[in-house]
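Positions are given from 1, in the same order as the sequence printed here.
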Amino acid sequence: LKPNEGTTVPGKVSYIGSGTTPSFSTMNVYQTLNGTKTNLGRIVDPSGNFTMSINAKQLNKINTLSFYVTDTLGNTSNTVSRQINVGGLLTFGTVQDTVHFKPTNGSFENKIIPRLDNWQIDVIDSREKGSNWTVQANASNMFLNNDPKYPLKGNLIYRDNSGIDHNLLNNTISVASHTKDIDDTQTKNITDTWTSDSGVLLSMEKGNQGGNYQGKIQWILLDALSNT
């Protein structure tokens, strides 16, 4: 929701018993919003549909809504829960599970290995225009065939736009930031601005055995710009 905007939440009562369908319009709806419980009364229509109206003044930035109904015999339905967010959401979208660096031959010199293909690390921002975000990353050691006895001589780095390298090994570094420049929901792949010689790269030292090395990258999304 936008700030200072109310909303309506629809609900529906269904009867799954084998007896006579009860009268929906005699049922009471109980709503709990951010811990405050309210009996909304008999707001269910004969077909089982109802609508809960929520005023903007009742809402915080993040809100928890739950509700259930009771009939005249004291039977109670299951409780349904919803989250209502004011000011939009900031979240990761598609984050590629497995990423690769280009294969390399020989281990007789130190070298920087570029990424293989296009990586996809999407950020989805439905907040208001002018909102900021930052993505940070850190990386673990890499091991030959996941065997801790054979660590890679080298580590992942982040090379910024000035050509400065930042070590990602057990070190959290900001790797992307953005200020939302449209009113609609915006999706950004943070790797779109990286070149073959910038962004997350593999800094490999000489003397490694041949084979497949594996490790982990942790991506962290912050709802602010970062100076790191």
Side-chain angles (χ1 to χ4, degrees), residues 62 88-127 129-182 184-228:
I62 300 176
L89 277 176
L90 176 67
T91 185
F92 279 119
T94 299
V95 176
Q96 197 170 336
D97 289 334
T98 304
V99 294
H100 301 274
F101 294 91
K102 289 187 176 181
T104 183
N105 295 320
S107 59
F108 305 108
E109 61 180 355
N110 299 342
K111 59 179 69 176
I112 300 295
I113 311 299
R115 297 175 303 281
L116 178 65
D117 301 325
N118 295 323
W119 292 10
Q120 187 168 11
I121 313 294
D122 287 348
V123 174
I124 302 174
D125 192 353
S126 62
R127 301 172 300 166
K129 182 178 179 180
S131 299
N132 302 310
W133 55 258
T134 296
V135 173
Q136 297 182 328
N138 62 64
S140 68
N141 281 304
M142 301 177 70
F143 299 100
L144 177 62
N145 298 323
N146 271 333
D147 189 336
K149 291 184 294 185
Y150 301 102
L152 178 77
K153 295 178 181 178
N155 55 273
L156 298 189
I157 62 170
Y158 171 69
R159 179 170 289 172
D160 64 26
N161 293 333
S162 300
I164 300 173
D165 293 342
H166 306 268
N167 184 7
L168 292 177
L169 179 59
N170 301 319
N171 187 37
T172 300
I173 294 295
S174 296
V175 298
S177 61
H178 181 68
T179 298
K180 190 167 183 273
D181 51 10
I182 61 173
D184 296 333
T185 298
Q186 188 172 52
T187 300
K188 287 283 187 181
N189 181 359
I190 69 168
T191 72
D192 283 347
T193 60
W194 298 351
T195 69
S196 60
D197 195 41
S198 69
V200 175
L201 304 168
L202 174 58
S203 176
M204 192 176 73
E205 301 172 7
K206 62 183 179 181
N208 285 292
Q209 295 186 47
N212 293 318
Y213 289 82
Q214 296 174 317
K216 292 183 179 181
I217 304 174
Q218 180 184 30
W219 307 101
I220 303 163
L221 179 58
L222 306 176
D223 61 350
L225 295 179
S226 175
N227 294 322
T228 61

Any donor-acceptor pair under 3.5 Å from [X] side chain to [Y] backbone:
X	Y	result
Ser196	Pro114	no
Asn189	Trp119	yes
Gln120	Gln96	no
Tyr213	Leu152	no
Asp147	Lys149	yes
Ser126	Thr185	no
Thr134	Ser177	no
Lys180	Gln186	no
Thr195	Ser198	yes

Test side chain to side chain contact (heavy atoms under 4.5 Å, CB included) applied to Val99 and Arg115, step by step | CA-CA 8 Å; Val99 294; Arg115 297 175 303 281; over 6 Å; no
Between the NZ atom in Lys188 and the CD1 atom in Ile124, the distance rounded to the nearest 0.5 Å is 13.5 Å
Find the distance between CD1 (Ile112) and CG (Leu202) and round it off to the nearest 0.5 Å.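 Between atom CD1 of Ile112 and atom CG of Leu202 there are 7.5 Å.
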Given side chains that start at C-beta, do those of [X] and [Y] come closer than 4.5 Å, heavy atoms only?
X	Y	value
His166	Asp160	yes
Met142	Leu156	yes
Val200	Phe101	yes
Ile220	Asn138	yes
Val123	Phe92	yes
Asn208	Leu144	no
His100	Asp117	no
Asp125	His178	no

Any idea which heavy atoms bring [X] and [Y] closest together, and the distance?
X	Y	result
Ala137	Ile217	CB-CG2, 4.3 Å
Pro151	Phe143	CA-CD2, 3.6 Å
Ile157	Ser203	CG2-CB, 3.9 Å
Glu205	Asn110	CA-OD1, 3.2 Å
Gly88	Arg127	C-CG, 3.8 Å

Does a donor on one side chain sit under 3.5 Å from an acceptor on the other, for Thr179 and Asn132?
yes
